[in-house]
Number of protein chains: 2
Amino acid sequence: MVTLAEVARHAGVSASTVSYVLSGKRSISSATRLRVERSIQDLGYHPNAGARALASSKSNIIALMMPLRTDMYVPVMMEIAVAVATTARTHGYDVLLLTGEEGASAVRRVTGSGMADAMILMDVELDDVRLPLLRESGQPAVLIGLPAETVGLTCVDLDFVATGALCAEHLAGLGHRDIAVIGEAPAVYERHTGFAERTLEGLRTRARELDLRLLHRPSDGGYDALAATLARIFDERPGTTGFVVQNESAVEPLLALLRRQGRAVPEDVSVVAVCPDPVAVQASVRLTSVAIPAQEMGRRAVEHVVAKLDGHGTDGIELLAPELTVRASTGPAPA
Amino acid sequence: MVTLAEVARHAGVSASTVSYVLSGKRSISSATRLRVERSIQDLGYHPNAGARALASSKSNIIALMMPLRTDMYVPVMMEIAVAVATTARTHGYDVLLLTGEEGASAVRRVTGSGMADAMILMDVELDDVRLPLLRESGQPAVLIGLPAETVGLTCVDLDFVATGALCAEHLAGLGHRDIAVIGEAPAVYERHTGFAERTLEGLRTRARELDLRLLHRPSDGGYDALAATLARIFDERPGTTGFVVQNESAVEPLLALLRRQGRAVPEDVSVVAVCPDPVAVQASVRLTSVAIPAQEMGRRAVEHVVAKLDGHGTDGIELLAPELTVRASTGPAPA
DNA sequence: ATGAAAGCGCTAACAA
DNA sequence: TTGTTAGCGCTTTCAT
């Protein structure tokens, strides 16, 4: 293994000079810089991560904690993770992947060992068990998702309240009066993950203002569960002409069932989805939807973390503005 | 920050004793062990990862490289990644997540810096650019997927040849003679990822032996692409009664299109999928399928890596045996 | 069964 | 602009 000392000897300079050439933390005459850089090339030198971490108390690693509930929509998690990893690299950081298994104790392990300089927590619940430990650890951290108590925390999330409002507005604008909301699986609500409830809040508030009638029904994914949910909805509100779906695994079943019932989309009923764009585009009817900006969330989370590590920290909540894309699943309410 | 030296002082022993209590590398009287363990508790000591890595030349980190092609079925990748992370933890390792962006240079960075003790490469192509570097680095590594040249490498993968054969046998056993194979997107074949071709190979060989007529058509996912593919298939082989699908995003479109054409599943045509179990179960018709054992692949990859790191290394290929689960999408060929 | 002490390879004062 | 040097916190050999 090639060490910094060897590079120094080879270049005829001191160790610190090599170190400073690498870090750029002090000015070096271009002559020596060149010699050092050549030596680095010639010898194939790579700084040792452990030694660096020890000497500088910086690991250049960001820990990413992703809980793994079976009811989460996986591709979104994945997209966020990938965005985090690639964005982190552009800032010189690597990403340590922590899964849910360890839960809160992973926070201790990572912060305690100095294994990572900061953490990003995904899928944060309203009352997340990891938060107390996180706070007391004092580690720079950014949450993706919004807990109940955000004082002193930095969070990034889609503005789900605005998302709900946007859906309501779109349907109202098309003349729909009776709207059914097909929400996430009941388990999601029981866990108080927050985003489902916030969408609903936005939907309700705006619906009231726009004089819409709203019926909310959580639903598991899959055909059978959805068939039952749909039957209930039309039973209670036969005049329903607008749907808002926030459950990726309910999208296709919903479309299939409507079709089977002879209800044409968008002629008879309109459907707005809250889902990743690929899902909306690949569906059997191209869906009008509010996208989940997974990449953007991952990117912003990293940028906040890096800002903190660089000193110009910015506590607070960043809510990404929702964007509704009109596709083929919404149209004027039937007369 | 609490250091090992502080623990030693607090417990009234030497630093090395504390270290040995931690590592168990030499016998300690239970009296002192107890005192040390109490001190560790009392002070809330956590070994510093960087110092450890430096002193021991071991990072206790496994790097996981996942390329990120948009045409890969993401949930499988994710499931593998999660299985890798959790299995690694049970062996005392953490996982560093490397994405495709950096490609081969990440291999250099990680091996050079001693950041990780070993690597796991996902989604290995037949002629993967990362392999030359990997070989010359001499780093312990395990591939998930099968490259063309496997000498000196350790690989884990589903036995796709056997998978293809299994599908052929199942359909043949039900009396089907004309089988259509809806494969991955053309891009997948162009990239020579291997698994698609291997499935086909197994399918072809067994089909020949069983006297089946086979028609293979790659297809992008989504309704439009699949509608075109399906039309071509029935055009060329009107008598087709059996389908093998190896493309998750083609599954639902296929079922929908068959339904729309008035072809009942499984009365008129049978469908066997090669896909993760959740996809097979959630589909609008519960699919007879060969599962992609993502978890198992991740687990085995880690176990191989750990074995190598522990000295009892085991080079070679491990092909996981496919399992076909009969569900509601296959039945006897129509008379 | 335990201790003393020499590094591991790097960073960052402190000097010049 | 460059060099000297004292650690960073741990592991591990060598003693005892």
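Chain identifiers are assigned alphabetically (A, B, ...) following the order of the sequence lines, protein sequences preceding nucleic acid strands; residue numbering begins at 1 within each chain.
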For this session: Establish, with yes or no, whether the OP1 or OP2 oxygen of D/dT11 is under 4.0 angstrom from a side-chain nitrogen or oxygen of B/S19.
Result: yes

Problem set entry | Check: B/R52 side chain, D/dT11 base, donor-acceptor under 3.5 Å | no

Exercise. Taking the side chain of B/A55 as heavy atoms from C-beta outward, which of C/dC8, C/dA12, D/dT1 is closest to it?
Worked result: C/dC8

Exercise. Is it true that A/E6 and A/R9 have a side-chain N and a carboxylate O under 4.0 angstrom from each other?
Worked result: no

Exercise. Think A/Y45 has a side-chain N or O under 4.0 angstrom from the OP1 or OP2 of C/dC10?
Worked result: yes

Problem set entry | A/I28 side-chain proximity, nearest of D/dC10, D/dT12, D/dT2 | D/dT2

Seminar exercise, completed: Taken to the nearest whole Å, CE/B/M1 to P/D/dC8 is 11 Å

For this session: Measure the spacing between CZ of A/R52 and NZ of A/K58 and express it to the nearest 0.5 Å.
Result: 10.0 Å

Problem set entry | Among B/M297, B/M65, B/M77, the one residue meeting side-chain contact (heavy atoms from CB on, under 4.5 Å) with B/M122 | B/M77

Seminar exercise, completed: Here the distance between atom P of C/dC8 and atom NZ of B/K58, to the nearest Å, is 19 Å

For this session: Verify the contact: side-chain N or O of A/K25 to OP1 or OP2 of C/dA12, cut-off strictly under 4.0 Å; return yes or no.
Result: yes

For this session: Enter the distance from A/E125:CD to A/L146:CG here, rounded to the nearest 0.5 Å.
Result: 13.5 Å

For this session: Answer with base, sugar-phosphate or nothing: what part of the nucleic acid does B/T32 contact at a heavy-atom distance below 4.0 Å?
Result: sugar-phosphate

For this session: Grab the CG-P distance between A/L4 and C/dA12 for me, whole Å please.
Result: 12 Å

Problem set entry | Minimum-distance nucleotide (side-chain atoms of B/Y20 versus C/dT2, D/dG9, D/dT12) | D/dT12

Problem set entry | CA sep, side-chain torsions, deciding dist, call: B/T32, B/S29, side-chain hydrogen bond (donor to acceptor under 3.5 Å, both in side chains) | CA-CA 6 Å; B/T32 47; B/S29 75; 2.8 Å; yes

Problem set entry | B/K308 vs B/Q139, side-chain contact (heavy atoms from CB on, under 4.5 Å): CA-CA, chis, key distance, verdict | CA-CA 10 Å; B/K308 286 195 177 194; B/Q139 250 222 345; over 6 Å; no

Exercise. For B/R9 and C/dG3, what is the distance between atoms CZ and P respectively, to the nearest whole Å?
Worked result: 14 Å

Exercise. B/L54 or B/S23: which one's nearest nucleotide on DNA chain D is closer to the 5' end?
Worked result: B/L54

For this session: To the nearest Å, give me how far apart CG (A/L22) and P (C/dC10) are.
Result: 9 Å

Exercise. Relative to the 5' end of DNA chain C, which residue comes earlier, B/G12 or A/G50, by the nucleotide with the nearest heavy atom?
Worked result: B/G12

Problem set entry | N/O (side chain, A/S14) to phosphate O (OP1/OP2, D/dT2) under 4.0 Å | no

For this session: Report the distance from atom CZ of B/R26 to atom P of D/dT11, rounded to the nearest whole Å.
Result: 13 Å

For this session: Calculate the interatomic distance between A/L34 atom CG and D/dT1 atom P; express it in whole Å.
Result: 15 Å

For this session: Would you kindly compare B/S29 and B/S56 by the position of their nearest DNA chain C nucleotide and give the one closer to the 5′ end?
Result: B/S29

Exercise. When only distance counts, do a donor and an acceptor, one from the side chain of B/S16 and one from the base of C/dA4, lie under 3.5 Å apart?
Worked result: yes

Exercise. Given atom CE of A/M115 and atom P of D/dG9, what is their separation to the nearest angstrom?
Worked result: 17 Å

